[in-house]
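Presented below is the structure to which this report refers.
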Amino acid sequence: MQGLIKSKTQTNYFTMLENDNNMPPTLDDSLNSPDFRTLGEVTVPRPIMKTKNVNVFYGEKQAIYNASLDIGKNEVLAMIGPSGCGKSTFLRCLNRMNDTIDICRIEGEITLEGEDIYGRNMDVVLLRARVGMVFQKPNPFPKSIYDNVAYGINLHGLTNSKSETDDVVEDALKRAGLWAEVSDRLNQPGTGLSGGQQQRLCIARAIAISPEVILMDEPCSALDPIATAKIEELIDELSQMYSICIVTHSMQQAARVSQRTAYFHLGKLIEVGSTDLIFTNPGHRLTEGYITGRFG
Amino acid sequence: MIECSSALHSILYPNRAFTKPPIAKFSLSVRSQPLAGFPGWSLTTGMAFLGALFGCFIAVPIMLFAALGISRRNRVVTRHIERFIRWFLIACSCLAILTTIGIVMSVLFESIRFFRIIPIPDFLFGLEWSPQTAIREDQVGSSGAFGAVPLFAGTFLITVIAMVVAVPLGLMSAIYLSEYAGRRIRTIGKPLLEILAGIPTVVYGFFAALTVAPFIRNNLGFLGMDVSSESALAAGLVMGIMILPFVSSLSDDVINAVPQSIRDGSYGLGATHSETIRRIVLPAALPGIVGSILLAVSRAIGETMIVVMAAGLAANLTANPFESVTTVTVQIVTLLIGDQEFDSPKTLAAFALGLVLFIMTLVLNVIALRVVRKYKEQYE
Ligand SMILES: Nc1ncnc2c1ncn2[C@@H]1O[C@H](COP(=O)(O)OP(=O)(O)OP(=O)(O)O)[C@@H](O)[C@H]1O
Ligand SMILES: [Mg+2]
């Protein structure tokens with residue numbers, strides 16, 4: 001607990017805020033105090049993933065402080081917060097992508113359907129097949145468009161024949177809203193697509209293996225409004241079968257697609273609640289400041 | 001490499017090359033002096049390099065000091081100095097280019113002289129190599145045979161053996177170093193491997209001749225195989241070790257250049273470490289790996305010392321690695337040892353061999369660089 005924010009600049013930042021807004025000091029003091037608690041309902045009745053008291057460190061530097069958050073079945077959970085607040089870090093804990101970073105250390109408990117994902121019996125490979133991910137930056141493989149989507153399918157042997165694979169690939173590309181643009185050039189390299197197309201290719205790649213949870217890190221940051229609308233439609237559709245956790249910088253998008261919203265600030269999970277509530281009646285001053293565009 | 005050592009040599013012994021009478025005598029250790037050693041060209045070459053050397057090590061520091069001291073105060077002087085520096089640098093690079101052209105030309109002209117005596121097809125496709133022309137006209141067998149096929153076959157055989165050693169070992173150690181080894185092992189292991197490239201080839205040569213060749217002969221002799229004391233195998237194995245760092249170090253670099261983000265993409269889809277390496281990293285790095293292998297091949301083809309000491313001089317046309325073979329480079333050396341008239345076919349043959357060798361390695365290098373460059377474009 002002694003690792004909580006102590007740096008001078010940050011302390012000043014909060015004092016400044018306090019003075020500027022003439023707010024009662026009760027709310028944000030709790031941020032620095034040892035018994036800081038996330039505002040709102042962190043648990044849900046039907047969780048698919050649960051995180052409890054998660055701390056993440058990059059070397060000496062702590063990136064997430066004591067975050068507890070549930071992801072409900074068939075729920076779209078939006079994570080918002082200023083740049084660098086740890087949204088991606090938190091997301092990457094959920095399918096152990098942080099394992100690939102040497103200096104990253106994770107404390108706390110994260111479960112998928114009651115199973116500890118950092119436990120001894122958890123097979124990371126299976127975990128990542130069940131908890132898929134779309135990365136912040138599009139990262140297609142230097143392979144053909146077809147092979148990009150078929151990669152995960154072949155990896156896990158999900159289909160029995162080439163024609164079956166073809167169908168799954170086509171279906172995934174259609175759902176990601178990319179089929180019309182690439183159906184006549186499936187053999188061309190995925191790296192040759194535009195940024196937005198690449199991102200949709202990565203989404204197609206992720207949904208082709210039908211994960212139970214899909215983690216999306218700003219999936220629409222490189223997309224135009226039309227493609228964004230398509231992806232949001234897709235998210236709606238996917239949420240009937242899967243659970244989705246989406247990081248976004250667009251408040252409108254969070255409001256449009258999600259049922260619950262979590263607000264992160266400097267590595268702390270400040271507030272969680274139903275999206276309607278967060279956007280109409282935020283409980284924490286920092287949340288309010290962020291969604292009304294005062295900072296962040 | 002070849003240009004470099006001959007150039008260095010012409011710096012160290014500038015007058016040796018052009019005070020020589022037409023009868024050339026070369027020592028074994030000077031492996032590529034003959035390329036630069038022809039009177040006319042080597043004069044310019046030697047002078048050029050002396051000039052360049054002087055310029056680089058003496059004039060430039062002095063000039064920069066002067067420039068630093070004076071220039072900022074006086075605009076006109078500044079401009080002159082800037083212009084001078086520019087011309088000086090242009091001159092330096094021109095010298096380097098001219099030298100290369102000079103070397104190529106000297107080899108080319110001597111080769112043409114050779115091909116006037118021995119027709120090109122006889123040289124390129126002849127199956128027999130026995131350049132022992134008689135010194136006196138009245139001796140028997142004075143004509144000699146200049147079919148280069150056995151030499152290129154020997155070169156090819158040894159290169160193949162070397163690659164069979166170097167490619168798998170180099171690639172595996174590159175994969176280990178870049179993908180599995182921790183940072184500590186990596187920082188120690190990679191330089192250690194690269195030290196292999198810094199061992200003088202003559203050391204490899206006596207290692208091959210005194211350790212590996214007897215070992216092969218003694219151990220495989222038991223198996224009833226007829227192993228000659230000098231074998232392609234010994235030379236090839238040791239040469240494989242020598243070029244291993246070329247493969248491993250360059251491959252390690254290209255494997256590291258594969259962006260972490262696409263590995264993450266693979267892990268994110270539930271691929272294991274080795275699946276990611278096999279299906280994503282290696283295919284993505286393949287052009288670069290091929291490039292590194294081609295560079296290693298051209299290094300192996302040009303290698304001389306090891307084969308001189310371990311592979312023998314007999315121009316056997318064979319695919320049997322236990323027999324002794326000879327290579328192009330070895331023959332170039334032997335052709336130029338001993339007293340021969342400079343324009344005898346025997347001496348001139350060395351230039352023809354050098355020319356073909358040069359063209360081969362040049363083509364390989366160009367292909368390798370192309371391949372590597374093409375790979376680089378992919379991520380930028
Ligand atoms: N690989 C890493 N090594 C060291 N520190 C890191 C690493 N990745 C992230 N961090 C640090 O952790 C903190 C949280 O980073 P994170 O990427 O999770 O932010 P974010 O909320 O996703 O920001 P953005 O909205 O800009 O993507 C930042 O201070 C960042 O500097
Ligand atoms: Mg992020």
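Convention: sequence-line order gives letters A, B, ...; per-chain numbering from 1.
If you measure heavy-atom distances from A:Arg205 to chain B, the contacts under 4.5 Å come from both the backbone and the side chain. For A:Pro211, no part lies near chain B; criterion is any non-hydrogen pair under 4.5 Å. Contacts of A:Leu155 with chain B are made by both backbone and side-chain atoms, with heavy-atom separations under 4.5 Å.
Closest of all the heavy-atom pairs between B:Thr155 and B:Thr327 is OG1-CB, 3.4 Å.
Among the candidates A:Val125, A:Asp147, A:Val131, the residue making the largest number of heavy-atom pairs closer than 4.5 Å to chain B is A:Val125. Note: B:Arg279 leads B:Arg279, B:Gln260, B:His273 in heavy-atom pairs under 4.5 Å with chain A. Most heavy-atom pairs under 4.5 Å with chain A, from the set B:Arg263, B:Glu275, B:Arg183: that is B:Glu275. Comparing A:Arg96, A:Met133, A:His156 by how many heavy-atom pairs each has under 4.5 Å with chain B, the most go to A:His156. Chain B forms more heavy-atom pairs under 4.5 Å with one residue of A:Met97, A:Lys137, A:Arg130, A:Lys143 than with any other, namely A:Met97.
When the shell of 6.0 Å around CG of A:Asp102 is examined, it contains 12 or fewer heavy atoms from other residues, nucleotides or ligands. Within 6.0 Å of OH on B:Tyr204 lie more than 12 heavy atoms contributed by other residues, nucleotides or ligands.
For the pair B:Arg299 and B:Phe246, the cation-pi criterion (under 6.0 Å, within 45° of the ring axis) is not fulfilled.
Between B:Phe156 and B:Ile301 the shortest side-chain heavy-atom distance does not fall below 4.5 Å. Counting only heavy atoms from C-beta outward, the side chains of B:Met242 and B:Ile306 approach each other to under 4.5 Å.
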